[in-house]
J.: 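Have a look at this one before I ask anything.
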Amino acid sequence: MEVTKYLPLVGRILIGLPFLVSGLGKLAAFGPTTAYISSVGLPLAPLGWAIAVAFEVGGGLLLILGFRVREVASGLAVFTLATAFFFHHDFADRNQMIHFLKNIMIIGGLLQIAHFGAGLYSLDARRSRDRKNVAGATA
């Protein structure tokens, strides 16, 4: 089917956009975010804030653009797993359990991207085509 060639792009956007929006929200809310990080007992809340913003804004953008998606998706999967365990581990609270399971589902999608790559409409695919063209021109 011709339409399926767009699915990796749509999938990357649907997973990357929430990371980007969440990171931009944290960027605008340093105080509340660092207070929340501290409230779960993690040290160095400002550093945690910076790491979260970098992963979410940077990773979300790179995922959407399709640049180095295997590495980005793997890094975001580890980051998402860490946030699940540190921030959503109280399974007696149904809301926390839902957030934990949501993070696990996101990790599943990220692992699919890490395995299968960015797809046809991505900077990774463009870089691959450019390398083949350069190699073919010099042969």
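For the single chain, residues carry numbers from 1 onward in sequence order.
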J.: Starting from Leu14 and following side-chain heavy-atom contacts under 4.5 Å between hydrophobic residues (I, L, V, M, F, W, Y), which residues can be reached?
T.: Val10
J.: Could you identify which residues cluster with Met97, counting Ile, Leu, Val, Met, Phe, Trp and Tyr as linked when any side-chain heavy atoms lie under 4.5 Å apart, either directly or through a chain of such contacts?
T.: Leu81, Phe85, Phe91, Phe100, Leu101, Ile104, Ile107, Leu111
J.: So which pairs with a foot in residues 7-17 pass salt bridge (Lys or Arg N to Asp or Glu O under 4.0 Å), sequence neighbours left out?
T.: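 As it turns out, there is no salt bridge (Lys or Arg N to Asp or Glu O under 4.0 Å) pair with a partner in residues 7-17 once direct neighbours are skipped.
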J.: Same cluster for Ile13 and Leu123 if Ile/Leu/Val/Met/Phe/Trp/Tyr side chains link at under 4.5 Å?
T.: no
J.: Tell me the ring-ring contact (aromatic ring centres under 6.0 Å, His included) pairs involving residues 109-129, sequence neighbours left out?
T.: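 Checked against ring-ring contact (aromatic ring centres under 6.0 Å, His included) - neighbours excluded - the pairs reaching residues 109-129 are Tyr6-Tyr121.
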J.: Identify the two heavy atoms, one from Ala114 and one from Ser74, that lie closest to each other, and give their separation to 0.1 Å.
T.: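 Nearest heavy atoms, Ala114 then Ser74: CB-OG, 3.6 Å.
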J.: Quick one: do Val53 and Leu44 end up in the same hydrophobic cluster if we chain Ile, Leu, Val, Met, Phe, Trp and Tyr together by side-chain heavy atoms under 4.5 Å apart?
T.: no
J.: Do any pairs count as a salt bridge (Lys or Arg N to Asp or Glu O under 4.0 Å) and have a residue in residues 110-124, sequence neighbours left out, and if so which ones?
T.: Asp124-Arg127
J.: Among residues two or more places apart or on two chains, list those pairs meeting salt bridge (Lys or Arg N to Asp or Glu O under 4.0 Å) that have a residue in residues 35-54.
T.: none
J.: For Ser122 versus Ala125, what's the shortest heavy-atom pair and its separation?
T.: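 Closest heavy-atom pair between Ser122 and Ala125: OG-N, 3.0 Å.
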J.: Drop me the distance from Ile98's CD1 to Asp93's CG, to the nearest 0.5 angstrom.
T.: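 Here the rounded value is 9.0 Å.
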J.: Could I get the full list of side-chain hydrogen bond (donor to acceptor under 3.5 Å, both in side chains) partners for Thr83, not counting sequence neighbours?
T.: Asn103
J.: What residues, two or more places apart in sequence or in another chain, satisfy side-chain contact (heavy atoms from CB on, under 4.5 Å) together with Ser22?
T.: Lys26, Glu56
J.: Considering only Ile, Leu, Val, Met, Phe, Trp and Tyr, and joining two whenever side-chain heavy atoms are under 4.5 Å apart, list the other residues clustered with Val78.
T.: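 None, because no other hydrophobic side chain comes under 4.5 Å of this residue.
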J.: Please name all residues satisfying side-chain contact (heavy atoms from CB on, under 4.5 Å) with Ala50, sequence neighbours left out, ordered by chain then number.
T.: none
J.: Quick one: pull up CG in Leu47 and OG1 in Thr34 and give me the separation to the nearest 0.5 Å.
T.: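 Here the rounded value is 12.0 Å.
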J.: Please tabulate, for the side chains in residues 57-69, all donor-acceptor contacts under 3.5 angstrom to protein atoms that are two or more places apart in sequence or on a different chain.
T.:
| residue | atom | partner | partner atom | Å |
| --- | --- | --- | --- | --- |
| Arg68 | NH2 | Glu71 | OE2 | 3.3 |

J.: If I take atom CD1 from residue Ile106 and atom CG from residue Leu110, how far apart are they, to the nearest 0.5 angstrom?
T.: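 Nearest 0.5 Å value for the CD1-CG distance: 7.5 Å.
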J.: Please name the pair of heavy atoms, one in Ile37 and one in Val40, separated by the smallest distance, quoted to 0.1 Å.
T.: O-CG2, 3.1 Å
J.: Starting from Ile15, can I reach Leu20 by hopping between I/L/V/M/F/W/Y residues whose side chains sit under 4.5 Å apart?
T.: no
J.: Rounded to the nearest 0.5 Å, what separation is found between the NE2 atom of His88 and the OG1 atom of Thr80?
T.: 9.5 Å
J.: Quick one: which residue pairs count as a ring-ring contact (aromatic ring centres under 6.0 Å, His included) with a foot in residues 14-46, not counting sequence neighbours?
T.: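 Listed by first then second residue: Phe30-Trp49, Tyr36-Phe87.
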